[in-house]
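Chain letters run A, B, ... following the sequence lines, proteins first, then strands; residues in each count from 1.
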Amino acid sequence: MPELPEVETVRQGLAKWVTGRRIATVEVRHPRAVRRHLAGDAHFAAVLAGRTVLDAHRRGKYLWLPLDSGDAVIGHLGMSGQLLVQPATAPDETHLRIRFGFDDDGPELRFIDQRTFGGLSVSEGGAELPAEIAHIARDPIDPAFSDDDFVAALRRKRTEIKRALLDQTLISGVGNIYADEALWRAKLHGARPADALTGPAARRLLGHVRDVLGEALVQGGTSFDALYVNVNGESGYFDRSLNAYGREGLPCNRCGSPIRRESFMNRSSYSCPRCQPRPRGTAVG
DNA sequence: CCAATACCCTGAGTGC
DNA sequence: TGCACTCAGGGTATTG
């Protein structure tokens with residue numbers, strides 16, 4: 001499940017393998033893989049053909065490739081998306097959705113997505129920062145991220161702290177895995193109300209979010225099932241470092257209590273019942 | 001305006 | 001063997 005470390009790993013691969021190359025052909029193999037493009041798949045392909053990729057950028061879990069036309073290709077991997085740089089001779093992947101060929105006859109760029117929660121789109125004039133993703137907050141690895149602004153905004157939220165961590169307009173790049181890991185490190189239960197956090201507690205939590213994202217990034221991200229891979233098809237190995245996520249019933253690495261799993265927002269939350277007690281007055285979900 | 005929920009999707013896994 | 005069901009969950013549209 002690609003979160004910031006995984007998407008950043010992909011961005012670095014794109015910057016290395018695609019920057020400076022001119023798109024020759026774009027083949028759309030599945031209509032749902034192209035997003036927000038009312039003019040249709042053929043137009044999507046036509047707009048991109050002949051354009052040179054200038055760089056690879058990221059905002060939260062979104063990627064974008066600025067083009068020499070001033071437009072940009074926006075990409076989101078969703079749950080199961082991959083962007084792979086593959087030799088043109090490599091057989092088509094089962095869930096190949098979009099293929100980019102380049103006029104240097106070098107390797108192709110392929111968008112592969114089993115569950116089609118991800119997709120690519122064109123942002124007109126979006127080379128600097130696509131308007132479509134301008135609502136996404138900066139991530140805590142971004143040098144321009146403001147700790148003070150985040151702490152203040154978090155403590156204004158009338159919601160649970162885990163919901164707030166997953167709110168990409170508040171802080172970006174955090175998904176279910178790293179939210180659980182940061183909360184475990186901070187010894188906080190995700191159901192605690194955000195507006196009840198003290199300033200120092202909020203600041204500590206942010207520090208743990210930043211640490212866990214940074215450590216995972218160094219390790220090339222997390223992979224459970226090889227669905228997530230970098231542009232060369234290689235998996236990260238941060239899953240060996242997880243303390244909470246996916247560890248139901250296994251002993252907490254701090255106190256030995258069995259990690260619990262609770263249902264939350266149609267997904268699972270993992271936490272230590274002793275280190276991360278539920279806030280008073282909340283039922284076990 | 002803000003918070004919470006429904007929905008999109010497919011393959012893996014499970015129970016009968 | 002196969003069928004029904006559950007689960008994975010990011011982002012957006014919709015609802016409250």
> Restricting to pairs with a member in residues 41-55 of chain A, which pass side chain to side chain donor-acceptor pair (under 3.5 Å), not counting sequence neighbours?
Replying inline: H37(A)-H43(A), R51(A)-D68(A)
>> Could you work out how much the helix from dC2(B)-dG16(C) to dC16(B)-dG2(C) bends, comparing the axis of its first five pairs with that of its last five, to 10°?
In response: 50°
[X]: partners by side-chain contact (heavy atoms from CB on, under 4.5 Å), with sequence neighbours left out:
X	value
A144(A)	R138(A), D142(A)
P87(A)	T89(A), A90(A)
D148(A)	S146(A), R203(A)

> What's the CG-P distance between L77(A) and dG10(C), to the nearest Å?
Replying inline: 12 Å
>> Test: ring pair (Phe, Tyr, Trp, His ring centres under 6.0 Å). Region: residues 139-172 of chain A. Which pairs qualify, not counting sequence neighbours?
In response: F145(A)-F150(A)
> Hydrophobic clusters join Ile, Leu, Val, Met, Phe, Trp and Tyr when side-chain heavy atoms are under 4.5 Å apart, directly or via other members; which others share one with I136(A)?
Replying inline: Y62(A), W64(A), I74(A), L129(A), I133(A)
>> Generate the contact string for nucleotides 11-16 of chain C. Rules: B means base contact, S means sugar-phosphate contact only, - means no protein heavy atom under 4.0 Å.
In response: SS----
> Under the salt bridge (Lys or Arg N to Asp or Glu O under 4.0 Å) test, which residues partner R21(A), sequence neighbours left out?
Replying inline: D104(A)
> Tell me the salt bridge (charged side-chain N to carboxylate O under 4.0 Å, His left out) pairs involving residues 123-132 of chain A, sequence neighbours left out?
Replying inline: none
> Quick one: salt bridge (charged side-chain N to carboxylate O under 4.0 Å, His left out) pairs with a partner in residues 90-101 of chain A, sequence neighbours left out?
Replying inline: E27(A)-R99(A), R29(A)-D92(A), D92(A)-R99(A), E93(A)-R110(A), R99(A)-E108(A)
> Using a heavy-atom cut-off of 4.0 Å to chain A, what are the terminal contacting nucleotides of DNA chain B, in 5' to 3' order?
Replying inline: dA3(B) to dG11(B)
